[in-house]
Amino acid sequence: MPRAPAKSSAARSSTKSPPRPDPRALLSWYDRRRRDLPWRAAPGERADPYAVWLSEIMLQQTTVEAVKPYFLGFLARWPSVEALAAAPLEEVMKAWAGLGYYARARNLHACAQQVAFERGGVFPREEDDLLSLPGVGPYTAAAVAAIAFDAPCVAVDGNVERVVARLFAIDRPIREAKRELRETAQTLRPAARSGDFTQALMDLGATVCTPRGPRCDLCPFASGCEAARRGETERFPVKAQKLEKPLRRGAAFVLTCGGAALLRTRPPRGLLGGMSEFPSTPFRVDFDPSRAQAHAPAAARWRALPGEVEHVFTHFSLRLTIFAATLPAPPPHIENGRWTPLARLSEEGLPTLMRKVAVRAGLIVE
DNA sequence: TATCCGTGGTA
DNA sequence: TTACCAAGGAT
């Protein structure tokens, strides 16, 4: 139940609150200032639902600039949901490598197959139906419904949460206020142009109502913003306390033989699920270096490379010791391993951590 | 409900 | 350098 916007006009004037934000002002701003993005239709047109869905999955917790090349690559290689559904999962995972949150790629493929094989290649138009698809949550369902079908929905992402928190000076931590933020955002929606409106809210958050240094002088909502009226834009949204990021350690084993390196595939779930790796120990806070070699993929004259590879994940930091060894040709068979020619290592779709390992071991440059 | 899940840019 | 954080979802 939204609180701030529920005030009567009498209550507004008595408390000197700013006037209610005007959706028409935002749409007018959007018509002049909208960003030109690869997945976005020309003004007045609707985008291909497949392209909208693909972009929204990629954009989950990921910056626009990081997504652009991946989106264009996917669309060129798999121009339709049927094409994506027909692709081997392994190829999709490889193409996703480097973008992060790899469960998204697995769900993307599963969703494409569901739409292609069980829905005749047609994306559902209803928010509730979209919500049932793998990898599609409340945000993405609303975004696809609004942007691809102009359904009466407002997609609430981090940008919109920030904009709404400022407009109504919602001073509870954002984690606690999720429901209020979402419901309040719905009350702003105009009767028409839902797709443009939801994109306008996100553009506003990305370019004007930014986390730091918001440009209130450019904001179509400035006269209706409670945080701006108080001169406290930077105080909203209220941040939750940050949690400690523990340091884990581990080791990776770079085994080469006859111009090839040994790789394996990680289990489908969990950290870097389904991605290629150099055989590694588990990553643990209480990692014991003296027992690392028990995880080596083969008996060899392992030598520890100087220094460590450092990487930061969402919830822990990692320092990885690299062991390297070379076996005499030809490459032997190793259980759960595969020999990949060094010349094709860059096509393997290594996650960034493993790319760092390859660089440190001198297998690839840069 | 809280935790797990990547990466790269920015101040 | 450190800290923050960007078009969240699954379990």
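A, B, ... follow the sequence lines: proteins, then strands. Residue 1 opens every chain.
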**Message:** Quick check: on DNA chain C, is the nucleotide nearest A/R40 upstream (toward 5') of the one nearest A/P134, or the reverse? Name the residue that is more 5'.
**Reply:** A/R40
**Message:** If you assign A/V136 and A/T63 each to the DNA chain C nucleotide with the nearest heavy atom, which residue ends up on the more 5' nucleotide?
**Reply:** A/T63
Remember a base hit wins even if backbone is also touched, and classify [X] as base, sugar-phosphate or nothing at under 4.0 Å, heavy atoms.
X: A/R355; answer: sugar-phosphate
X: A/W96; answer: nothing
X: A/G270; answer: sugar-phosphate
X: A/T352; answer: sugar-phosphate
X: A/L318; answer: nothing
X: A/R162; answer: sugar-phosphate

**Asked** Given a cutoff of under 4.5 Å between side-chain heavy atoms of I, L, V, M, F, W and Y, with clusters grown through shared members, what are the other residues clustered with A/L131?
**Response** none
Report the residues that fulfil ring pair (Phe, Tyr, Trp, His ring centres under 6.0 Å) with [X], sequence neighbours left out, ordered by chain and then residue number.
X: A/F253; result: A/W302, A/F323
X: A/W339; result: none
X: A/W29; result: none

**Message:** Would you measure the distance from the P atom in B/dG6 across to the matching atom in C/dA3 and give it in whole Å?
**Reply:** 22 Å
**Request:** Return yes if the base of B/dG6 and the side-chain atoms of A/T314 contain a donor-acceptor N/O pair under 3.5 Å, otherwise no.
**Result:** yes
**Prompt:** Between the base of B/dG6 and the side chain of A/T62, is there a donor-acceptor distance below 3.5 Å?
**Reply:** yes
Using whole Å, report how far [atom1] of [X] lies from [atom2] of [N].
X: A/Y139; N: C/dA10; atom1: OH; atom2: P; result: 14 Å
X: A/R35; N: C/dA6; atom1: CZ; atom2: P; result: 12 Å
X: A/L131; N: C/dG8; atom1: CG; atom2: C1'; result: 12 Å
X: A/L133; N: C/dG8; atom1: CG; atom2: P; result: 18 Å

**Asked** Can A/R338 and A/L262 be said to form a side-chain contact (heavy atoms from CB on, under 4.5 Å), step by step?
**Response** CA-CA 6 Å; A/R338 60 178 187 277; A/L262 186 71; 5.8 Å; no
**Complete:** By nearest-heavy-atom nucleotide on DNA chain B, the more 5' of A/R212 and A/H315 is A/H315
**Prompt:** Same hydrophobic cluster for A/F287 and A/L318, using side-chain heavy-atom links shorter than 4.5 Å among ILVMFWY?
**Reply:** no
**Request:** List in chain and number order the residues that pass side-chain contact (heavy atoms from CB on, under 4.5 Å) with A/D288, two or more places apart in sequence or in another chain; answer none if no residue qualifies.
**Result:** A/S290, A/R291
**Fill in**
Sorted by number, residues from residues 44-61 of chain A placing a heavy atom under 4.0 Å from DNA chain C are A/E56, A/L59, A/Q60, A/Q61
